[in-house]
Undergrad: 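Quick one: the structure is below, and I'll ask about it shortly.
This is a predicted model, so every value here is computed, not measured.
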Amino acid sequence: GNVIKSDKSLHSEGNVLLGVRDEAGNMLWTWHIWITDKPQKQNYTRGYIALDRNLGAIAAKPEGNPLSSRGMFGLFYQWGRPTPFQLYQENSGNWKVRATDSQTRVIPDVAVANPGIFYGSSSDQNDGHDWVDRTVFQNINNLWGYREVEHSQPIKTIYDPCPVGYHVPYHRSWELMEEFWNKPEGFDENKETKWEELQGKGIEFIIEGNSIWYPLQGYININGEYKHGHIHKDSNGNYHHEDIPIVENWSSLVNRHDTDDANLPAGVDERINDSPYRLQFTRDYLAKLSEDGEYTNRTRGLAVRCVS
């Protein structure tokens, strides 16, 4: 078959997507080639070991120049897909997603064959915004190796985007992280201006003497648009978007509730069923995971921090 390469200008560091097509031109599979200095292993709580940067990132920590934090962002993934999406900057200075948005759902094999398409739907909320067509493909929770056994490590799958020997993290990797936040002196997490000061830096944690950085990279919204800020719930209970930087990283774990679950808290939206957990660090949620009563749909594009 034919081999394609997505970036011919790469010289020393960055990311390349290689693909193989059959004689008819159909994409069979793709490989992400990640070129960077060797990522270091870092110890987390509960014995977990993670790489020192997001998947696809070319830097592990800010280097003083606010723009250098972009090198910490890495790539963005829809939950369960092996191929990444990346940002590019327009002449206007705005950041855009290098992808074609498609408001349709497909099966995983179709997504693999079309790595440049951002699938999903922003109109039908009954299944919590998914890029997978659940009427055809039902094994939706195991794409990144989730197992319905409490505290079980995920199984490495062909759809897992992490390098050999690593996998998308289990949510317990981040437990107690807030306790290790190296908060800047005088920082008030309730003030918007303080969060804006972190925009060119990130969030630093100190665990067992290791400096662990998470960039405020934002996310790709369900319509394929890049968002640097987050949705904030004000004192009146109203939601609105704020351009305050945010950390959001996927885990492999999904929130399991049966729609007739008697233990489902009153008022909880049933769409949280099968919605993935993620690390979220904003002024609303300090190093917290998704909790009952909120959901993160699989259509969004978030970062991945690989663990072993």
Side-chain angles (χ1 to χ4, degrees), residues 13-15 32 34-42 44 48 50-79 84-89 93-98 161-163 166 168-169 173-174 177-178 180-184 187 189 192-207 210-221 225-231 242-251 278-289 296 300-307:
E13 58 185 10
N15 298 275
H32 167 215
W34 182 18
I35 305 173
T36 184
D37 59 295
K38 185 177 180 179
Q40 301 300 305
K41 297 179 180 180
Q42 295 181 316
Y44 279 53
Y48 287 95
L51 295 181
D52 65 359
R53 66 198 68 189
N54 288 342
L55 183 54
I58 58 174
K61 59 183 179 180
E63 302 297 338
N65 181 350
L67 295 179
S68 69
S69 66
R70 293 285 177 181
M72 298 169 59
F73 281 13
L75 302 172
F76 296 83
Y77 292 82
Q78 291 186 291
W79 194 92
F85 295 93
Q86 61 182 156
L87 305 178
Y88 70 94
Q89 193 170 26
N94 294 327
W95 289 89
K96 298 290 185 179
V97 181
R98 196 179 299 280
C162 291
Y166 294 87
V168 178
S173 306
W174 298 310
M177 284 287 282
E178 183 182 353
F180 300 95
W181 180 20
N182 187 25
K183 186 186 299 186
F187 187 87
E189 58 264 27
E192 296 182 23
T193 54
K194 290 296 183 180
W195 284 98
E196 292 168 356
E197 292 174 5
L198 298 179
Q199 183 165 339
K201 301 174 184 177
I203 304 296
E204 184 186 25
F205 303 94
I206 304 294
I207 301 179
N210 292 316
S211 174
I212 300 173
W213 283 91
Y214 276 80
L216 296 153
Q217 82 280 353
Y219 63 95
I220 301 175
N221 204 7
E225 294 182 352
Y226 172 64
K227 298 290 186 181
H228 194 224
H230 75 299
I231 303 298
E242 293 183 343
D243 194 24
I244 298 175
I246 181 175
V247 173
E248 282 203 302
N249 285 60
W250 282 129
S251 83
R278 87 281 195 194
L279 172 71
Q280 186 182 46
F281 206 103
T282 71
R283 74 187 184 105
D284 289 337
Y285 303 98
L286 303 181
K288 294 295 195 300
L289 300 170
T296 300
R300 294 172 69 183
L302 306 187
V304 169
R305 182 70 61 100
C306 300
V307 302

Undergrad: Find the distance between SG (Cys162) and CZ (Arg305) and round it off to the nearest 0.5 Å.
TA: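 Between atom SG of Cys162 and atom CZ of Arg305 there are 11.0 Å.
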Undergrad: Counting C-beta onward and ignoring hydrogens, is there a side-chain heavy-atom pair between Tyr44 and Val307 closer than 4.5 Å?
TA: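 A side-chain contact is absent here, since even the closest heavy-atom pair is not under 4.5 Å.
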Undergrad: I'd like to check Phe76 versus Val97 (side-chain heavy atoms, cut-off strictly below 4.5 Å). Are they in contact?
TA: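 No, too far: nothing below the 4.5 Å cut-off.
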Undergrad: Would you give the length of the straight line joining atom CD1 of Ile206 to atom NZ of Lys183, rounded to the nearest 0.5 angstrom?
TA: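 Ile206 CD1 to Lys183 NZ: 14.5 Å, rounded to 0.5 Å.
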Undergrad: So, do Val168 and Cys306 sit near enough that their side-chain heavy atoms are less than 4.5 Å apart?
TA: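 No, their side chains stay 4.5 Å or more apart.
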Undergrad: Will you find, in the side chains of Asn249 and Arg278, an N or O donor that is under 3.5 Å from an N or O acceptor?
TA: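 No.
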Undergrad: Do side-chain atoms of Trp213 reach the backbone of Gly202 as a donor and acceptor pair under 3.5 angstrom?
TA: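 No; zero donor-acceptor contacts below 3.5 Å.
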Undergrad: Can you check whether Pro161 reaches Leu55 side chain to side chain, under 4.5 Å on heavy atoms?
TA: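 Yes, their side chains come closer than 4.5 Å.
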Undergrad: Quick one: pull up CG in Asn182 and CZ in Phe205 and give me the separation to the nearest 0.5 Å.
TA: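 Output value for this atom pair is 10.0 Å.
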Undergrad: Please round to the nearest 0.5 Å and tell me the distance separating atom CD of Glu225 and atom OH of Tyr219.
TA: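 Answer for the CD-OH pair, Glu225 versus Tyr219, is 10.0 Å.
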Undergrad: So do the side chains of Tyr166 and Lys41 get within less than 4.5 Å of each other, counting heavy atoms only?
TA: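 Result yes, sub-4.5 Å side-chain heavy-atom pair found.
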Undergrad: Kindly compute the distance separating NZ (Lys227) from CD1 (Ile220), expressed to the nearest 0.5 Å.
TA: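 Going from the NZ atom of Lys227 to the CD1 atom of Ile220 covers 12.5 Å.
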Undergrad: Classify the side-chain pair Asp52/Gln40 by whether it contains a donor and acceptor separated by less than 3.5 Å.
TA: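 The answer is no; no qualifying pair exists.
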Undergrad: May I ask you to decide if Glu248's main-chain N or O and Gln217's side chain share a donor-acceptor pair within less than 3.5 Å?
TA: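 A pair under 3.5 Å: yes.
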Undergrad: Assess the residue pair Ile203 and Met177 against the criterion (side-chain contact (heavy atoms from CB on, under 4.5 Å)); give the C-alpha distance rounded to whole Å, side-chain angles, the decisive distance to 0.1 Å, and a yes or no.
TA: CA-CA 11 Å; Ile203 304 296; Met177 284 287 282; over 6 Å; no
Undergrad: Looking at every non-hydrogen atom in both residues, tell me the closest pair between Pro39 and Leu51 and how far apart they are.
TA: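 Closest approach of Pro39 to Leu51: CB-CD2, 4.1 Å.
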Undergrad: When you look at Trp95 and Phe73, which way does the side-chain contact (heavy atoms from CB on, under 4.5 Å) test go after all the steps?
TA: CA-CA 13 Å; Trp95 289 89; Phe73 281 13; over 6 Å; no
Undergrad: Between Arg53 and Trp34, does a side-chain contact (heavy atoms from CB on, under 4.5 Å) hold up when you go through it step by step?
TA: CA-CA 12 Å; Arg53 66 198 68 189; Trp34 182 18; 3.7 Å; yes
Undergrad: Roughly how far, to the nearest 0.5 Å, is the CH2 atom of Trp181 from the CD1 atom of Ile207?
TA: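 Spacing of CD1 (Ile207) from CH2 (Trp181) equals 14.5 Å.
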